[in-house]
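Here's the structure we're looking at; comments come further down.
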Amino acid sequence: MIPELSNPSVCMRDPQRVQEILQSMVKAGSNTVQVISDFDMTLTRFAYNGKRCPTCHNILDNSNLISTDCKIELKELLNTYYPIEIDSSRSVEEKLPLMVEWWTKAHKLLVQQKIRKDLLAMVVQESDAMLREGYKLLFDHLYEHSIPLLIFSAGIGDILEEVIRQAGVFHPNVKVFSNYMDFDESGELRAFKGELIHIYNKREGALLNTGHFQELRTRPNVLLLGDSLGDLTMADGVQDMENILKIGFLNDKVEERKQSYLDSYDIVLLKDETLEVPNAIMLYLT
Ligand code: TMP
Ligand code: MG
């Protein structure tokens, strides 16, 4: 039906079920569809030419807005907590408090750096941030077909917005839920706004933001894109959901995590740096 679903990177627990979901979405029409996506390592690349690409946090961490001492501390946090994030032998219950610890410590360090709002655009410009191949087609196509794209990120909203703005795809149909920086009158970072979003509380975030989902009540068909098992609950605020198709990028520790991803995502993309499959699905639905 969709040739790209035979790509070597594609794995599905139940291909028949995927076909059924797609068929019922096509039948319902593209005006009933919305896309809910994670950002880091889902819309952005995991690696390029064998080198890891940065997350929103990494874009700041690697920049000259951060002192050398602070860089070392942030690197230590990454080296401590990232292996926990991707450890398939630990439960979410065990990982959750540790992830809160990571985000809390990292944000505290960033706030100490008195980061200036007016320098963020330059930092993003000079970074190695890269959206996945095919991003322009995805963003433009969704915009042209008036399909809402909700980006739900535990990264940093100000950085994320700048990445998509500089890529020329921050269209009016894009809405972002993320951790936003709070700057004082002189334009220096003094805190992060609102409730912290980390990788395991996207469900709570979704439920708190039902206002957004309210607007989208007439769009009960959801295409969900993520790279972490924490991303699976991003659509929990959608009421009267009819169909959801979950596409998961499995970037790292592929063999260890493949089964758990197959159990929870409808389509798993193994070390696939492109948006070819989501794009093929979007084209099919519109
Ligand atoms: P998300 O992709 O689910 O929105 O999560 C954001 C990613 O940010 C997650 O994979 C971990 C990463 N991260 C960093 O790279 N550095 C940090 O300091 C923190 C707190 C998170
Ligand atoms: Mg992610």
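All ligand and atom numbering here is 1-based and tracks the order in the structure. Just so you know, residue 1 is the first one in the sequence shown, and it goes up from there.
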Worksheet item: For Ser228, is at least one N or O under 3.5 Å away from an N or O on ligand 1?
Response: no
Item to complete: Can you check the number of protein N/O/S atoms within less than 2.8 Å of the Mg ion (ligand 2)?
Response: 3
Item to complete: Check whether NZ of the Lys or CZ of the Arg Arg132 lies under 6.0 Å from the centre of the six-membered ring of Phe249 and within 45 degrees of that ring's axis.
Response: yes
Practice prompt. Answer with side chain, backbone, both or neither: which part of His107 has a heavy atom less than 4.0 angstrom from an atom of ligand 1?
Written response: neither
Item to complete: Would you please indicate yes or no on a ring centroid separation below 6.0 angstrom for His198 and His107?
Response: no
Item to complete: Keeping to residues at least two apart or across chains, list the side-chain hydrogen bond (donor to acceptor under 3.5 Å, both in side chains) pairs with something in residues 277-286.
Response: His141-Thr286
Worksheet entry | Region of Asp231 engaging ligand 1 - heavy atom pairs below 4.0 Å | side chain
Worksheet entry | Over-ring placement of Arg52 relative to Tyr82, 6.0 Å and 45° cut-offs | yes
Practice prompt. Indicate, as side chain, backbone, both or neither, the part of Lys202 found under 4.0 angstrom from ligand 1 when only non-hydrogen atoms are considered.
Written response: side chain
Worksheet item: Quick check: does Ala106 get an N/O under 3.5 Å from an N/O on ligand 1?
Response: no
Discussion item. Yes or no: does Met41 have any heavy atom under 4.0 Å from an atom of ligand 1?
Written reply: no
Worksheet item: Quick one: does Asp61 get an N or O within less than 3.5 Å of an N or O on ligand 1?
Response: no
Discussion item. Any nitrogen or oxygen of Trp103, side chain or backbone, less than 3.5 Å from one on ligand 1?
Written reply: no
Discussion item. Once you restrict to heavy atoms under 4.0 Å, what part of Thr55 touches ligand 1? Side chain, backbone, both or neither.
Written reply: side chain
